[in-house]
2 protein chains.
Amino acid sequence: MLLAEINIEFASPIPVYEQIKKKIKHAIARESLSANEPLPSIRELASFLKVNPNTVARAYRDLFQENIIDGRAGKGYWLKETGHLEHEKESMLKEDFLRFLERAIELGFSRERLKAMVIDFFKEEI
Amino acid sequence: MLLAEINIEFASPIPVYEQIKKKIKHAIARESLSANEPLPSIRELASFLKVNPNTVARAYRDLFQENIIDGRAGKGYWLKETGHLEHEKESMLKEDFLRFLERAIELGFSRERLKAMVIDFFKEEI
DNA sequence: ATTACTGTATTAATATATTGATACAGTGAA
DNA sequence: TTCACTGTATCAATATATTAATACAGTAAT
């Protein structure tokens, strides 16, 4: 994975470690980082981005807990098996969708109306 | 609208003003608060909940900016026309859905696969 | 064991978000 | 005008989140 793929907007209100997480997820999505491939070491990425190593460590720790990467002290971090990842990704997405449904219910939309709206969204967007 | 419909969990990590907003949206969704009906005054709700008036004011200000309620100094706040609300609710929901789509794209899902998954969700859930 | 890398843990500094105290200003009725 | 109620604005106190400084511990090669 190329260091250059990760750039940070320091003026943004979004925390640096969140930006790092998002960039890495993007890299995975485009397959510019593949299964078992090592990530840059915490200190390497930190010095490249000119941020504190703890900030990168926080991003990596989160991704570890999200079951996206694996790692050990002395060895570094690497991307997990993509097969496993597919399953994780699908369940992450399912959770997101359920949260969306909850908000819709809060707003008073019926199941049927919601379904119709979502189908419309698909016709219009992307 | 009944004051008793709004209860706060002070132990929760969710800010009090966010909890107030959510309860009011719920009340609107169940139509326990109807068009043009006045909300409890800031001080009345604050003393009932035993929170600072500014906390309630923050919730009301947010709902005002979300175009859900209207109000003026000296007169209080009241629910807006529901016709207008329907439109607002729909666009709020659309925004939520677009955020969901963005996350899905980040995770590398194609538009078609996403559509299939969403249809499956509707078959299984709620 | 030494060296040169890895990640981890602890604590402090800083920034941001949330809540609170208080004074101010608008509205309408007596 | 006066009164009793509305919401608003400003600033301080507090809590939480984020980043940083530093010391510690694991791994592997020499």
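Treat the numbers as computed from the prediction; the structure is a model and nothing was measured. A, B, ... follow the sequence lines: proteins, then strands. Residue 1 opens every chain.
At a threshold of 4.0 angstrom between heavy atoms, the contacts of Y17(B) are confined to the sugar-phosphate backbone, with no base atom among them. Among the atoms of the strands shown, none is found under 4.0 Å from any heavy atom of G71(A).
The nearest whole Å value for the distance from the CG atom in L45(B) to the P atom in dT6(D) is 12 Å. Between the CD1 atom of I42(B) and the C1' atom of dT8(D) there is a distance of 8 Å, rounded to whole Å. The CZ atom of F64(B) sits 12 Å away from the C1' atom of dT8(D) (whole-angstrom rounding). Counting to the nearest Å, the P atom of dG26(D) and the CZ atom of R72(A) are 13 Å from each other. When rounded to the nearest whole Å, the span between CD1 of I20(A) and C1' of dT18(D) equals 12 Å. Taking atom CG of residue D62(A) and atom C1' of nucleotide dA17(D), one finds them 13 Å apart after rounding to whole Å. dT6(D) atom P lies 13 Å from atom OH of Y77(B), rounded to whole Å.
The side-chain heavy atoms of I24(B) and Y60(B), taken from C-beta on, include a pair separated by under 4.5 Å.
Nearer the 5' end of DNA chain C, as judged by each residue's closest nucleotide, is the contact made by A57(A), out of A57(A) and P15(B). In terms of position along DNA chain D, the nucleotide closest to R58(A) lies nearer the 5' end than the nucleotide closest to the other residue of the pair R58(A) and A73(A). Taking the nucleotide of DNA chain D with the nearest heavy atom to each of G74(A) and N54(A), the more 5' of the two is matched to N54(A).
Going from atom CG of L101(A) over to atom CG of D96(A) covers 11.0 Å, rounded to the nearest 0.5 Å. How far OH of Y17(B) is from CG of N54(B): 13.0 Å, rounded to the nearest 0.5 Å. From E90(A), atom CD reaches atom CG of D120(B) across 9.0 Å, with rounding to the nearest 0.5 Å. We find the CG-OH distance between L45(A) and Y77(A) to be 12.5 Å, quoted to the nearest 0.5 Å.
Salt-bridge formation is not detected for the pair D70(A)/K80(A): no Lys NZ or Arg NE/NH1/NH2 atom is positioned less than 4.0 Å from an Asp or Glu carboxylate oxygen.
Considering E66(B), E18(B), E5(B) as possible partners of K25(B), the one that fulfils the salt bridge (Lys or Arg N to Asp or Glu O under 4.0 Å) test is E66(B).
If you check distances only, the side chain of N52(B) never reaches the base of dA13(D) with a donor-acceptor pair under 3.5 Å.
Note that the first and last nucleotides of DNA chain C, 5' to 3', having any atom under 4.0 angstrom from a heavy atom of chain B are dT18(C) to dG28(C).
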